[in-house]
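Below is one structure, written out as structure tokens; comments come after it.
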Number of protein chains: 4
Amino acid sequence: MATQRDGQHLQIRLDPGSSIPFYRQIILQVEMAIADGRVTTGYRLPTVRGLAVDLQINPNTVAKAYSELEIRGLVSTQHGTGTFIGEWSPAPSEVDREQLLSQLVHEFMSHLGSYGFTVDDLRAYLREESAKDGRK
Amino acid sequence: MATQRDGQHLQIRLDPGSSIPFYRQIILQVEMAIADGRVTTGYRLPTVRGLAVDLQINPNTVAKAYSELEIRGLVSTQHGTGTFIGEWSPAPSEVDREQLLSQLVHEFMSHLGSYGFTVDDLRAYLREESAKDGRK
Amino acid sequence: MATQRDGQHLQIRLDPGSSIPFYRQIILQVEMAIADGRVTTGYRLPTVRGLAVDLQINPNTVAKAYSELEIRGLVSTQHGTGTFIGEWSPAPSEVDREQLLSQLVHEFMSHLGSYGFTVDDLRAYLREESAKDGRK
Amino acid sequence: MATQRDGQHLQIRLDPGSSIPFYRQIILQVEMAIADGRVTTGYRLPTVRGLAVDLQINPNTVAKAYSELEIRGLVSTQHGTGTFIGEWSPAPSEVDREQLLSQLVHEFMSHLGSYGFTVDDLRAYLREESAKDGRK
DNA sequence: GTGGTCTAGACCACA
DNA sequence: GTGGTCTAGACCACT
């Protein structure tokens with residue numbers, strides 16, 4: 001098990017071949033790490049320069065990613081100290097959240113419909129994804 | 001009544017929020033409609049101008065989409081008559097469909113994320129929905 | 001009255017002497033224009049390059065400001081078309097909003113207290129500000 | 001009991017969200033406490049280390065603040081004894097106080113803005129509150 | 001022409 | 001050492 005600890009917390013990797021821009025790949029990976037609970041409030045992200053060297057990209061690109069994360073309230077940055085995972089914004093009532101989710105999903109389904117996908121396609125896809133994650 | 005199921009065939013809808021450009025959204029929706037048989041050889045696509053007005057976008061954008069569809073051989077344009085689904089319409093591969101679905105889902109998840117929802121919230125929601133539907 | 005129409009909608013000006021960075025000055029002025037109702041949903045902001053020339057600053061700086069506004073959901077940008085004032089995000093219930101405002105104000109007052117300011121100082125300040133605006 | 005009103009004299013609190021750096025927040029709060037007489041000549045400030053622990057910040061930051069206060073002649077440091085409010089403590093001018101208040105309010109408004117509140121919402125709220133207090 | 005991304009590099013302020 | 005701001009300039013994709 002110990003051999004598996006690597007990249008357990010937050011190991012950012014870029015796919016230069018992807019059409020997703022670098023800064024967005026970083027954002028997505030940080031978001032995922034938060035969603036998965038791999039990192040939580042107070043966790044310190046790699047420094048802008050450090051990550052830039054690691055990924056062999058320009059520091060500005062990392063900074064742009066961190067900056068967007070901060071605007072969204074996912075991380076908070078302390079000048080001269082570093083960038084940290086923030087607290088989750090206070091959740092509205094559970095009922096409201098459920099309603100909101102329902103609305104968002106329905107909008108999305110109508111959108112998927114334009115491409116000929118059905119709810120079952122979505123379910124199947126999520127099932128596969130979850131299977132893949134399990135194998136990893 | 002059956003003649004009136006127009007919207008069932010090809011109802012193009014754009015998502016301005018998506019990172020997929022308009023012209024590509026149009027292409028994908030036409031492709032997918034061909035793929036699952038909602039439209040077949042000889043079906044007449046909406047006119048460039050008509051669709052542009054409908055979608056409230058620049059006619060050039062529609063034209064670009066149609067043009068690319070023609071290059072790929074999926075549709076053929078009859079000057080002064082309209083644009084029609086071609087005779088030999090190679091359906092997009094399952095892999096392409098899966099990729100598209102994947103991209104759409106990931107974008108949606110990122111969207112959900114900004115409201116603080118996780119993949120698991122989505123899974124849970126779909127599970128509940130499916131349970132409800134079962135009961136009905 | 002007609003002589004007063006200038007800069008009525010959105011006239012952005014930078015104060016190079018201010019300690020507030022350029023991109024933030026732009027953000028603040030757009031926010032103000034929205035808050036004042038000088039611009040509303042659908043209003044098209046100056047182009048990135050155009051504004052940069054006007055203000056004699058680097059286009060990237062304008063882009064950074066617009067980008068933050070977009071992340072916050074205040075504007076929405078359409079690639080190749082421009083940047084537009086967005087719709088207001090759907091408001092939660094009035095009661096919740098009132099509670100939220102109350103909480104925020106109380107936090108702020110406690111903060112002001114550390115500097116020796118009182119609620120009355122705040123009231124007086126706002127009164128002056130409103131007087132100034134009226135004069136303009 | 002009167003000897004226990006400690007927090008009344010000088011209770012320093014930091015706002016990590018503010019754009020005002022920590023060291024400056026400390027300086028301003030000490031200045032303002034002097035200005036409105038909450039602390040006077042001979043009052044002993046918290047120790048550098050003690051305050052750093054309290055505020056959970058780097059001692060260097062507290063030291064920097066105290067050092068600047070000493071340069072301005074507002075406090076004097078007695079090696080091995082502590083830091084004390086000086087004998088001649090020029091109070092910050094009214095203009096400075098107004099500027100500070102202005103900055104704090106503007107920052108707060110920007111904060112409120114991200115929740116969709118406007119200056120007018122704030123005004124309305126304060127008006128209501130004042131009405132309520134009057135009734136009490 | 002529009003915005004988006006990325007680089008290189010400079011200078012500043014905070015801890 | 002940390003992050004923040006700004007410039008200059010290149011290249012790309014969308015309308």
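Here is how names work: the chains are called A, B, and so on, in the same order as the sequence lines, proteins then strands, and each is numbered from 1.
When distances run from any side-chain atom of A/His79 to the nucleotides F/dT7, F/dT15, F/dT2, the shortest one goes to F/dT2. Closest contact between the side chain of A/Asn60 and the listed nucleotides E/dG3, F/dC6, F/dG3 involves F/dC6. The nucleotide whose nearest atom lies closest to any side-chain atom of B/Lys64 is, among F/dG3, F/dC14, F/dT7, F/dC14. Side-chain proximity of C/Glu70 to F/dT15, E/dT7, E/dG4: nearest is E/dG4. Residue B/Thr61 has its side chain nearest to F/dT15 when only F/dT15, E/dG3, F/dG3 are considered.
A/Thr77 has a side-chain polar atom (N or O) that falls below the 4.0 Å cut-off from OP1 or OP2 of F/dG4. Between B/Tyr23 and F/dT15 there is no side-chain N or O to OP1 or OP2 distance below 4.0 Å.
Whole-Å rounding puts the D/Ile27 CD1 to E/dC14 C1' distance at 12 Å. One can place CD of A/Gln56 at 15 Å from C1' of E/dC6, the figure rounded to the nearest angstrom. Here E/dC14 presents its P atom at 14 Å from CG of D/Leu14, a figure rounded to the nearest Å. Between D/Leu28 atom CG and E/dC14 atom P the separation is 12 Å, expressed in whole Å. If you take CG of B/Asn58 and C1' of E/dG1, they are 12 Å apart, rounded to a whole angstrom. Following rounding to the nearest Å, B/Gln25 (CD) and F/dA13 (C1') show an atom-to-atom distance of 15 Å. Nucleotide E/dT5 holds its P atom 14 Å from the CZ atom of C/Arg49, rounded to whole Å. Atom-to-atom, CD1 of C/Ile57 to C1' of F/dT7 comes out at 11 Å; the value is rounded to the nearest Å.
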Let me check something: any side-chain donor-acceptor pairs from residues 48-59 of chain C under 3.5 Å, sequence neighbours excluded? List them with distances.
unit_1  : atom_1 : unit_2  : atom_2 : d
C/Asn58 : OD1    : C/Asn60 : N      : 2.8

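Neither side chain, A/Ser114 nor B/Gln11, offers a donor N or O lying under 3.5 Å from an acceptor on the other. Under the 3.5 Å distance criterion, with hydrogens and angles disregarded, a donor-acceptor pair is assigned to the side chains of A/Ser110 and B/Arg13.
With DNA chain E read from its 5' end, the first of the two nearest nucleotides for C/Thr81 and A/Gln78 is the one closest to C/Thr81.
Cation-pi check for A/Arg38 over A/Tyr43 is not met; the charged atom does not lie both under 6.0 angstrom from the ring centroid and within 45 degrees of its normal.
Non-hydrogen atoms lying under 4.0 Å from DNA chain F are contributed by C/Pro21, C/Phe22, all within residues 15-22 of chain C.
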(request) Begin with the C-alpha distance, continue with both residues' side-chain angles, and end with the deciding distance and a verdict on side-chain contact (heavy atoms from CB on, under 4.5 Å) for B/Phe108 and A/Leu112. (result) CA-CA 10 Å; B/Phe108 179 56; A/Leu112 277 188; over 6 Å; no

(message) For A/Tyr115 and B/Leu104: C-alpha separation, side-chain torsions, deciding distance, then whether side-chain contact (heavy atoms from CB on, under 4.5 Å) applies.
(response) CA-CA 10 Å; A/Tyr115 295 97; B/Leu104 292 171; 3.8 Å; yes

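C/Arg24 comes within 4.0 angstrom of no nucleic acid atom, judged by non-hydrogen atoms across all strands.
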(request) Starting at the 5' end of DNA chain E, write a dot or bracket for each base, bracketing those in Watson-Crick or G-U wobble pairs whose two distances are under 3.5 Å and using | for partners on another strand. (result) ||||||||||||||.

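Considering only heavy atoms from C-beta on, C/Gln78 comes within 4.5 Å of B/Phe22 through its side chain.
At least one donor-acceptor pair under 3.5 Å links the side chain of C/Ser18 to the backbone N or O of C/Ile20.
We find that D/Glu68 and D/Arg72 are joined by a salt bridge, their nearest charged nitrogen and carboxylate oxygen being less than 4.0 Å apart.
A side-chain contact (heavy atoms from CB on, under 4.5 Å) with C/Thr83 is found for exactly one of C/Val30, C/Thr47, C/Leu45, namely C/Leu45.
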